[in-house]
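Each chain gets a letter, A, B and so on, in the order its sequence line appears, and its residues count up from 1.
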Amino acid sequence: MTQPLLSLRGLGIRFGGLVAVDDVDFDLPPSHITCIIGPNGAGKSTLFNLITGIYKPGSGRVLLDGQDITGLPPHQIAAKGVARTFQSSRLFEDLSILDNVMIGMHSRTKTSVLSALLTPRRARRELDACAEEASAILRSLSEELYMRRYEPAGILPQADRRRLEIARALALHPRLILLDEPSSGMDDRDTADLMNDIRRVMRENPGLSFLIIEHDMRLVAELPDDVIVIDYGKKIAQGQFADVRLLPRVQQAYLGQKAVEHA
Amino acid sequence: MDSLLVQHLLNWMVLGSIYTLVAIGFSLLFGLLNVIHFSHGDVSMVAPFVALASLQAFLGLVGSSAPAALLLALAVAILATGLVGIGADRLVIRRFRNSPAMMALVATVALGTAVRELVRAIYPQGSNPKAFPAIVQGNVAGLPAQPVLIIVTSVAVVALMYVLMQRTAIGTRIRAVAEDRDTARLMGIFPERIFAFTFFLASAVGALGALFFASHAGVVRFDFGVQLGLIGFSAAVIGGLGSMNGAILGALAIAGIESIVQANMAEGASYRLVFVFLLVILMLCVRPSGLLGKPVMEKV
Amino acid sequence: MAMTATHTHAPAAFPSALIVIAAEVLGAALLWGLLEANSTPVVLALLGVMGAGFALMQIRPQIEDIIVGAFRAARGVALWVGILIVLTYPILLGANTYAMHLVIVALLYSVLALALNFQLGSANIPNFATGATYGIGAYTSALLAIHFGLSMWATLPAAALVATAFGFLLGIPSMRTRDSYLALVTIAFGIVIHQMLNNLSWTGGPNGLVGIPAPSLFGHSFMQPIQFAGIRLPPQANFYYLALALLGLAILSAKRLHESRIGLAWNAIRADELAARSQGINVAWYKILAFAVDAFLAAFAGTIYAFYVSYISPDNFTFLVSVTIMTMVIVGGMDNTFGVIVGAFLLTLLPEKLRIFSDYRLLFVSVVVILFLILRPKGLFPQRQRHYGAHK
């Protein structure tokens, strides 16, 4: 069996008295898409923050390709090839669309202060190459974003903000991408495009895996290889969506105790 | 020996009281508006000048130097300074409610300069230091009356502030607006009125601090507000911005180090600011959000 | 691919060059008028002209775009005409040593404002201690020159080294503190430095240091006038060219850092620190770096200032000096090199030229600053988006 790309072992964190994530175990193989579903406030985004180092786990470990990355600062985890988007998309609003994508290449570029000052041509060439690649990434996702690449990111509508965040994540050349509700603010056609884009990116980058928090049940039914369900910070189920959705405890989590009893 | 210790203790408490009165304003306004009102020290320092001017006006009218005249002058100064605070908000600070923090910071720094320079321009011979009278003379219970008055009044004012914030309708409204401006508006509270009231309150309390400062030093100059403001701000910050307890704690800490340095170092008077601000740096390195401030947990 | 529409319709080089030359000559003339003006009405009229210009740009942003476009299209012309103007400027000022003095001080403040801009403009880090690092540079150089007889050229790197070390030190708290809290750390640092300079005996206390020897270059003492092709320039011109060279260095550094991943990383931190972190940016390190770069350039400015006036005292490096530098950046335009320089010149010249108002000039300047912040919050010259490759 191949080594999992990402493994969580007994991962947990509490805020004050509240247990936000509790003892989560989970393996994500390479070239695999897993969706995380669960009611609002179940701890899904917190799980992302634990994986990416924004919160330091209170217990448990995070392994990337078997290597322990628990407690590393976010920039080091990103440099190891973990890219993410945010639930309330966080773009660099006053910078151009193109700059937003190029900043995603930060950990792959090298220019230091001294080399920027002393060998400006090389620094410039590095940035020009980034601009070219960033343009290509934008273009592969949306011709419109590409055409508007010198406009500030802050003026984009919701669906384009989501796309731009994904472009920025791709710019990192990640091995693992965490998407936090990528389809929110998108209509059906946008969501269909999103799924096609994810499939295409998977084809073009062998080994790349996605971990996606999602509420759009159409996407959850069609896209992922498997689904995990989180409720009250605990992983309560994992498997194919078609099977998982029938489990009583999953229905309970979604519909509430009463509804299930009445059903 | 013993009396020396008493003197140092009194000095500490007096400075602590004055700094508390100024620091509370910073904390109150930061808690409410998330804005650093950098001109707070300069606005507060308007008070001693208003007091001096009204004192002279009263003396001209009544012709006697009754203690009542001084008290009346102080009251006028406190009210007037409160109004200056509202004016500062109406004219300038209000326009930066939705601006980046750095803009508001620089705007209030410039506002402080403007207030300071206005005082200098308006007050006769405004560039020169002015003598400021002691509020009371003599001793009570074997202690000099002036420091005792400053300490007792400050404690009373701070106590009143707690009552106001925790027990009265207006205090509840202030806290509601501080918590969530929009929800408060939906509940029928007019945030701008609350802001005006808070600016008045903060400036009036700061004015009392500045009056005590001038009276304690026996002298006032148009630019004293810069240092008083910086120390008051420091006290509020190392205590934890937005927390009234923190402001008091910070003020006592700063006054403490100042008193200790002055009491124990030959050149204490010249080096006191060095130690005060080294303490500030050290405190912020150890406790980045102040002694009683809530650590900011960003929602992701 | 069929029909990739590339915009080959570049604006003709000729009108662009004309616009550029006209703009630069007009700017130089305005500055000259302001420097030479002796009567208040003239100063106010010139300020009125400037104000009207900015009002026009505010109402019709296209004009601004056309001018910016022209500068982009005719960059070579802009550069060489600009260099020509600044090199010949002392001739224009002639024997007016007061005007020359103002320009030299304005040049040094431009360097300081550019230094601060790395933090405040690029990365949105508050720093109220640029005056202090400026002072550290000035005192280090002056002490080395007075006690050890080092030449200015030798003290320059030494002062930069010392100040940069302090910059790193000052940057360390920025790893843990932010916004108002960090602002206070830098204020406190500035006051501590100022108070130390004021109280220590080996820095001369409040009297400062006197008798800093004049520098010389290839046997030409900076006390001597410059004589070249029949033109005779006052001794101050030496320092004009020195300060100009330093500003050139500062502009070049600003440009090179802005056009590298360092500048992008700072901008990312400014926009959203947490998102920057998640893109692999070591935020703490980049913040410290901004403090170090600021201190490095400020120390150069301090050194040249010390050798220029030959006398320094703590009062040259107060909290209010730091605030003034900060105001220059904000009024000029955050993260816009040209804007920052304009801000530095305006805020150096305004208080001086308004001396007629003597007691009211600080009041006037502070009111102007507040009005600027309200009416044109992005500064005189707002930051522009980067362009890459052929689209530069």
Side-chain angles (χ1 to χ4, degrees), chain A residues 52-54 73-86 89-100 102-113 115-120 122-124 126-132 134-135 149-154 165 168-169 171-172, chain C residues 1 4-5 7 118 121-124 164 175 249-250 252-286 288-293 296-297 334-335 378 382-392:
Chain A
T52 54
I54 287 172
H75 68 269
Q76 283 182 17
I77 293 177
K80 289 186 185 300
V82 180
R84 72 170 291 181
T85 67
F86 295 89
S89 57
R90 303 182 76 138
L91 297 169
F92 305 114
E93 310 271 334
D94 61 342
L95 297 181
S96 71
I97 290 169
L98 192 59
D99 280 353
N100 266 272
M102 288 169 65
I103 289 167
M105 299 172 185
H106 183 85
S107 53
R108 294 194 289 119
T109 46
K110 303 226 149 38
T111 304
S112 67
V113 170
S115 56
L117 290 173
L118 302 177
T119 55
R122 200 188 299 163
R124 185 79 215 179
E126 181 186 74
L127 219 53
D128 281 344
C130 285
E132 211 156 291
S135 300
R149 66 192 178 286
Y150 286 123
E151 291 175 33
E165 259 200 306
R168 187 174 69 183
L172 193 94
Chain C
M1 280 293 277
T4 39
H7 295 274
F118 287 117
S122 302
N124 197 26
T164 308
M175 295 197 298
L249 182 77
L252 209 62
S253 310
K255 183 176 145 60
R256 288 182 176 179
L257 289 176
H258 182 77
E259 289 177 357
S260 74
R261 73 196 265 272
I262 319 278
L264 265 183
W266 278 331
N267 284 171
I269 294 169
R270 176 184 68 195
D272 188 333
E273 211 176 296
L274 199 132
R277 215 164 256 153
S278 304
Q279 308 312 314
I281 295 171
N282 185 346
V283 170
W285 170 244
Y286 273 88
I288 293 178
L289 211 52
F291 276 96
V293 174
F296 185 81
L297 276 175
M334 302 245 245
D335 218 13
K378 298 204 159 179
Q383 163 218 356
R384 298 246 150 205
Q385 300 292 357
R386 289 179 178 78
H387 283 253
Y388 301 95
H391 294 274
K392 240 183 230 178

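Contact annotation for C:L289: only side-chain heavy atoms (C-beta onward) come within less than 4.5 Å of a heavy atom of chain A. With a threshold of 4.5 angstrom between heavy atoms, A:K80 does not approach chain C through any atom at all. Using a 4.5 Å cut-off between heavy atoms, C:A292 makes no contact with chain A at all. Residue C:I281 touches chain A through both its backbone and its side chain, counting heavy-atom pairs closer than 4.5 Å. For A:S135, no part lies under 4.5 angstrom from a heavy atom of chain C. Using a 4.5 Å cut-off between heavy atoms, A:P73 does not touch chain C at all. Contacts of A:E126 with chain C are made by side-chain atoms alone, with heavy-atom separations under 4.5 Å and no backbone atom involved.
Aromatic pair C:Y286/A:H106: centroids less than 6.0 angstrom apart.
Side chain of A:T119 to backbone of A:S115: a donor-acceptor contact under 3.5 angstrom is found. Using a distance-only test at 3.5 Å, with no hydrogens or angles considered, a donor-acceptor pair links the side chain of A:R108 to the main chain of A:A171. Judged by distance alone, with hydrogens and angles left aside, the side-chain atoms of A:E165 form a donor-acceptor pair with the main-chain N or O of A:F86 at under 3.5 Å.
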> Going through the distances and angles, do A:R84 and A:I54 end up as a side chain to side chain contact (heavy atoms under 4.5 Å, CB included)?
Replying inline: CA-CA 11 Å; A:R84 72 170 291 181; A:I54 287 172; 3.3 Å; yes
>> If you apply the rule side chain to side chain contact (heavy atoms under 4.5 Å, CB included), what do you find for C:W285 with A:H75, and how did you get there?
In response: CA-CA 11 Å; C:W285 170 244; A:H75 68 269; over 6 Å; no
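Geometrically, A:R149 does not engage C:Y388 in a cation-pi contact defined by less than 6.0 Å to the ring centre and at most 45° from the axis.
The choice from A:A79, A:A131, A:A78, A:S96 that makes the most heavy-atom pairs within less than 4.5 Å of chain C is A:S96. Per-residue counts of heavy-atom pairs under 4.5 Å with chain A were compared for C:R261, C:Q385, C:R386; the largest is that of C:R261. Annotation: maximal heavy-atom pairing with chain C below 4.5 Å, among A:S112, A:A169, A:P120, A:G104, occurs at A:P120. Heavy-atom pairs under 4.5 Å with chain C were tallied for A:T52, A:I77, A:D99, A:L172; the largest tally goes to A:D99.
Looking at residues two or more places apart in sequence or on another chain, you find no side chain to side chain donor-acceptor pair (under 3.5 Å) involving A:R122.
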